[in-house]
Protein chains: 2
Amino acid sequence: MAIADDATEASEVTMLVPLTGTSGSLHDEILVGLRRYLVEGNLPDGARIPERLLCETMGVSRTPLREALKVLAAEGLVELLPNRGARVRAFDENDIRELFEVMGGLEALAGRLACEHITDAEIAGIEQLHYDMYASYMRRDLPAYFALNQKIHLAIVAAARNAILANTYANFSSRLQRVRYNANRENHKDRWGEAMREHEHILEALQRRAGLELSDILFRHLQNKRVAALRYLGNHP
Amino acid sequence: MAIADDATEASEVTMLVPLTGTSGSLHDEILVGLRRYLVEGNLPDGARIPERLLCETMGVSRTPLREALKVLAAEGLVELLPNRGARVRAFDENDIRELFEVMGGLEALAGRLACEHITDAEIAGIEQLHYDMYASYMRRDLPAYFALNQKIHLAIVAAARNAILANTYANFSSRLQRVRYNANRENHKDRWGEAMREHEHILEALQRRAGLELSDILFRHLQNKRVAALRYLGNHP
DNA sequence: TCGAAGAAAAATGAATGCAAAATGGCTTGA
DNA sequence: TCAAGCCATTTTGCATTCATTTTTCTTCGA
């Protein structure tokens, strides 16, 4: 059984069988459930995803499950090998570089657009998040820092007033979830202070609504994250 | 029969039944065939896509077709209404604004990355395309101009050395294909010269490998295209 | 004549069945 | 002992079938 080598059956079930029945469409439920399951990193890279087992676990037939797998493959979370089933997509260093570059481009866009549309109240909210994050930084509370960091970037994306951008951002963000968390652990060692300073520049440019400048800061912020992430991966094969 | 109100059955068939059998996976063939069919604008906005008819037309069963439809829905080309089937997704003005903004962000990113990686030979190639495009402009040959325009932007994306970016770009580009063509027809009237000048700036910044500058030019180029496209749509409801 | 109610027809969502391909295990031979 | 080849089992890809919902057509009444 390749799925969940280090997770118990029970935990699989609890994670994989929300199936609330609220979405109306079984296919959609499977899709969001499986996506969450994958994004949360419950399966190791490259693990096989046998249809039969998943069907029994989730209590559905193969048809809607296969539809969900195709969509997840299109999203880049799983890999479909002809006649050989689905695997958890493993990202190599080049994939991660590309993902961070695209994320940087999207964040740069979000920053630029946010400066055109953001309200004073939203800026105040981001300020508050920023100060909370700084407090977490001083406390060396990495999980809190990480969560607030995500919230700030999401708030900037939300201020861009572009639903397609927000969706695309969420899509790529989910792919990077695990590696980014690890990268931030790496920050813990030597890049954390630098990242915090970058965030001060981000807030400052946002307050001035300096779109181009914020755009550039965000892009380089993401590139620095990428370097940290790849360094982490290099050290932890 | 809601599908293809103005197209004959025969033309549908010729467009929809390549099914070369080269891809190995029937699902993939249907996917690319349907996507091309939709992108080329063979169906009017909001048209119903009855599964049964498509199955008979393409000679496949509903299972792989439905899988393809789910993927196309995830890509944003079709819209799936619960229990009410698939429709060609119609983009309103806000969708188009959002799409152009994201395209602009992606092109800006591509330009920035391209300046880091592009070779002299690639620049020379783009120069050539640019001059050809200028010739088309002088000849008032809109289709040729349009094709070369696309080639230039694709060359810049290719020079960015980022496959994920290229895929994402292609995805959004396909959604805008129809409206962009119409927008360029609108250019024909009053924005064509301006677009040509913008392209001169693009080439010039690329030659200097001025990443940030090129990034900004490309973004604003796309925003101008957006304005033209929306003006066109405003005039042609 | 028009509109509403209801039944027939069709379409969708999901499950099951079947053939082809792949995986795993077993035997055989050196 | 080990490797190669063959067969059984499993798994995948696709077609078909079934149940439910939607759509359409007909009929009835005002």
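Each chain gets a letter, A, B and so on, in the order the sequences are listed, and its residues count up from 1. FYI, side chains are in, hydrogens and waters are out, and symmetry mates aren't considered; it's all heavy atoms of this structure.
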Pairwise side-chain contact, A:M103 with A:R175, heavy-atom cut-off 4.5 Å (strictly under):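 A:M103 vs A:R175: side chains apart.
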Tell me the interatomic distance from [X], atom [atom1], to [N], atom [atom2], rounded to whole angstroms.
X	N	atom1	atom2	value
A:L69	D:dT12	CG	C1'	12 Å
B:L81	C:dA11	CG	P	16 Å
A:L26	D:dA19	CG	P	17 Å
A:E29	C:dA14	CD	P	10 Å
A:L31	C:dA14	CG	C1'	16 Å
B:L80	C:dT12	CG	C1'	11 Å
B:R66	C:dA15	CZ	C1'	12 Å
A:E56	D:dT11	CD	C1'	12 Å

Can you figure out which of [options] approaches the side chain of [X] most closely?
X	options	result
B:V60	C:dT23, C:dA14, D:dA15	D:dA15
B:E51	D:dT11, C:dA14, C:dG13	C:dG13
A:S61	C:dA14, D:dG13, D:dC14	C:dA14
B:R62	C:dT12, D:dA15, C:dT23	C:dT12
A:P50	D:dC14, D:dT12, C:dA14	D:dT12
B:N83	D:dG13, C:dA14, C:dG13	C:dG13

Test log, rule side-chain hydrogen bond (donor to acceptor under 3.5 Å, both in side chains), inputs B:E101 and A:N162: CA-CA 8 Å; B:E101 283 175 353; A:N162 186 313; 2.8 Å; yes
Side-chain donor or acceptor of B:E98 paired with backbone N/O of A:A163 under 3.5 Å: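 At least one qualifying donor-acceptor pair exists.
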Donor-acceptor pair, side chain of B:D28 and main chain of B:S25, under 3.5 angstrom: no
Distance in Å, A:Q150 CD paired with A:Y145 OH, rounded so as to fall on 0.5 Å steps: 11.0 Å
Donor-acceptor pair (no angle test) under 3.5 Å: A:T63 side chain, C:dA15 base: yes
Donor-acceptor pair under 3.5 Å, B:R84 side chain vs C:dG13 base: no
Residue closer to the 5' end of DNA chain D, B:E67 versus B:R52 (nearest nucleotide): B:E67
